[in-house]
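Written below as structure tokens is the structure these notes are about.
Please read all numbers here as calculations on a predicted model, not as lab measurements.
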Amino acid sequence: MSREQIGIIELKPETQRAIADYLIDVARKGYDVQHFDPQLKYGGTKLSLSQQEGYYPNCHLIVLKKLGYAVTEILQENQEQEALACFQAYRELFSAASKCQDGNDSSIPYIQKIHFLPEDLFADIDPADLISPNGFRIPEHLNTWEEIQDYSAQLLVPKLLLAALCGIHNQFPWMDTDMDLNSTMHTMRPDPDKYHVNAGYGGGYIKQHTDGYWNERSNVPLIIVFLSISNPNREPTGFIPVDAIFRIPSPNSQVYDDWRAVFDDLIPAGQSPEQFVQWVVDQATQPQFSFVMGVLGGDAKRGVYETPLLEKDPNYGGYLFRAKSTFQSSNPDAAPVVEFTNRMIEFLGSQKVPDTYLEVSLSPGEIYLALNGAGLSIDGNPDYEADGYAYPVKGAATIHGRGKLAASDGKIDRTLARGNSLKGQERTFYAPDDGADLLLEELKKCSSEPKLALLDRNSFFPDKGIVSKLLQEGIRGNQLKR
């Protein structure tokens, strides 16, 4: 299949700086993506130099829209056409008119890397101050108001950038009901006591999977975003294209015998390997699989049961691939589907087949975007294509995992801020040339003086003195000690 594996976009240095300056200015004034109430369940565990109202999951939708508009405007002013076209392709894939039809995502690579922020933006930040489970930590050696304000603003930049990207994609940040940073933006750099743990916060080996495999369909993240804070050892993240799991090589291909050997014992008598894979794809669309956050039969409290492995979404028409190595089927006849899928993912991850296991390393300020098992189409009668494969499942979707992170001198140096986005229930994207009037109308509705509302990004976030008030009260962030 003719698809770029890793797309690379390098924003101009002046564009990177302009975006960073804008987001830092928003953060310094105390604006956040979410409401917050220090009296509720997780009170006091997030950055205090921001608006202290509401409860975590309540997202400031208008903030999302303003940030998306502002960043898009900066990209346009600096003529970053490649980045704008990239975001347009993602939006169109999940638009109502698209329905994720075959061929409409050919411009989307499996992994899109973008140098979005200046490489030195987080140079003065200790990544340890980003890994608190639900909040930020302010170093005790910072004593002046200005130092505390500047430092806390930099800590908030990754979250604001995620919000802007969600707005640009016409999507919404993925948040859980009792989490703030854990779902909206959390770091992949574990605490010392979790260096050897095979979990989201651990440093151990994590198999390829999709995020939100245990979530209901309406709340499964479609796009995953990683932003590098620090990565001096160039440790990569591994990706596997979903279409490679189900693709069928030509009998004349050099990989055909190795491919068949992966699942030869699963093929029923009288059935060819090609027919078996087509059967697997058909069975994968049936509601007979279970996915949980944890281990089936264990202490998992969240999960989806009796759902397809390849699930059709009526909202955008495409298929979503759920992936976790411990998934099971309640139907014994579908057990070969589970076994085939897990074996094929392991086979592709072993790098025995060229170009099916993609490793991507990020430098500070770089992001990558990937479709989280989403936007797929299914072809019931695929033909062999120019690369020698037939594709029953097509699309740019990937699954991701990681090798064990290396601890050096008692610490792990790689820190990635991860965010996810899911399809919003209402339009959130307002580009300067697409929907500006709609955003202006919304600003008027939110303004106490509608006639003074302006479609000017520099007036979107006025300084209301929130941070100064909090600093005068002696608040140093979220009060967490190292």
Side-chain angles (χ1 to χ4, degrees), residues 5-13 15-24 27 71 80 83 86-87 109-132 136 151 153-166 168-169 173 181-191 195 200-203 206 211 221 223-239 358-372 398 400-408 411-421:
Q5 291 186 319
I6 302 176
I8 299 176
I9 298 175
E10 185 83 16
L11 298 186
K12 301 181 183 77
T15 309
Q16 298 173 24
R17 177 51 59 185
I19 293 172
D21 289 347
Y22 187 83
L23 297 179
I24 288 174
V71 171
E80 300 286 1
C86 162
F87 296 137
Y110 292 117
I111 309 296
Q112 180 64 66
K113 180 191 251 186
I114 306 176
H115 196 162
F116 220 87
L117 299 173
E119 187 171 351
D120 62 352
L121 182 63
F122 303 107
D124 297 328
I125 294 295
D126 182 346
D129 294 327
L130 278 167
I131 65 174
S132 175
F136 303 105
Y151 197 86
Q154 286 180 287
L155 295 180
L156 196 55
V157 166
K159 193 175 180 185
L160 295 179
L161 177 60
L162 169 63
L165 292 175
C166 286
I168 290 173
H169 286 139
L181 300 184
N182 284 350
S183 294
T184 304
M185 187 283 289
H186 75 255
T187 59
M188 299 293 285
R189 179 178 180 270
D191 286 307
Y195 281 172
Y201 291 104
I206 295 182
D211 288 339
I223 297 176
I224 185 168
V225 183
F226 286 79
L227 165 67
S228 176
I229 307 298
S230 65
N231 191 15
N233 297 323
R234 302 293 296 166
E235 291 176 317
T237 298
F239 291 84
L358 311 175
E359 287 194 338
V360 186
S361 295
L362 293 179
S363 297
E366 291 182 335
I367 68 170
Y368 53 61
L369 308 171
L371 293 176
N372 182 54
T398 60
H400 61 277
R402 70 158 186 253
K404 184 176 177 62
L405 300 181
S408 176
K411 63 184 296 188
I412 288 178
D413 291 322
R414 190 186 80 158
T415 302
L416 298 182
R418 185 185 74 176
N420 297 290
S421 63

Is the shortest side-chain N to carboxylate O distance from R234 to D413 below 4.0 Å?
no
Interatomic distance, CD1@I224 vs CD1@I111, rounded to 0.5 Å, equals 9.0 Å
Please report the C-alpha distance between R418 and H400 in whole Å, then the side-chain angles of each, then the deciding distance to 0.1 Å, and finally whether the side-chain contact (heavy atoms from CB on, under 4.5 Å) criterion is met.
CA-CA 12 Å; R418 185 185 74 176; H400 61 277; 4.3 Å; yes
For the residue pair S228 / Y368, report whether a side-chain donor-acceptor contact shorter than 3.5 Å exists.
no
Do the side chain of E359 and the main chain of F239 share a donor and acceptor less than 3.5 angstrom apart?
no
CG of L371 to CD1 of I223: how many Å apart, nearest 0.5 Å?
6.0 Å
Nearest 0.5 Å, what's the NE2-CG distance between H169 and L369?
5.0 Å
Tested for side-chain contact (heavy atoms from CB on, under 4.5 Å) against I24, the lone hit among I19, V157, L156 is V157
Is there a donor-acceptor contact under 3.5 Å linking the side chains of R414 and S361?
no
For the atom pair CZ (F226) and CG (L362), what is the distance rounded to the nearest 0.5 Å?
9.0 Å
Can you tell me how far apart CG (L155) and CG (L160) are? Round to the nearest 0.5 Å.
11.0 Å
Minimal heavy-atom distance between A406 and I412, with the atoms involved, is O-CG1, 3.7 Å
Side chains of V71 and I168, heavy atoms from C-beta outward: is any pair under 4.5 Å?
yes
Minimum-distance pair of heavy atoms, taken over all atoms of Q16 and L11:
NE2-O, 2.8 Å
Hey, what do you get for CG (D211) to CG (N420), rounding to the nearest 0.5 Å?
4.5 Å
Hey, does the side chain of Q154 reach the backbone of L121 with a donor-acceptor pair shorter than 3.5 angstrom?
yes
side-chain contact (heavy atoms from CB on, under 4.5 Å) partner of F116, the single match among V225, L165, I9, T15:
L165
Which atom of P221 lies closest to which atom of N372, heavy atoms considered
O-ND2, 2.8 Å
Any donor-acceptor pair under 3.5 Å linking the side chain of E366 with the backbone of I114?
no
Got P158 and L227 here, is their nearest side-chain heavy-atom distance under 4.5 Å?
yes
Could you tell me whether a side-chain N or O of E119 sits under 3.5 Å from a main-chain N or O of S363, the two making a donor and an acceptor?
no
Taking all non-hydrogen atoms of both residues, which atom of L162 and which atom of G419 are closest, and how far apart?
CD2-CA, 3.7 Å
Validation row: D126, Y151 side chains within 4.5 angstrom (heavy atoms)
yes
Heavy-atom closest contact (E10 atom, H115 atom, distance)
OE2-ND1, 2.8 Å
Closest non-hydrogen atoms of A153 and A27, given as atom of the first, atom of the second and distance, are O-CB, 3.5 Å
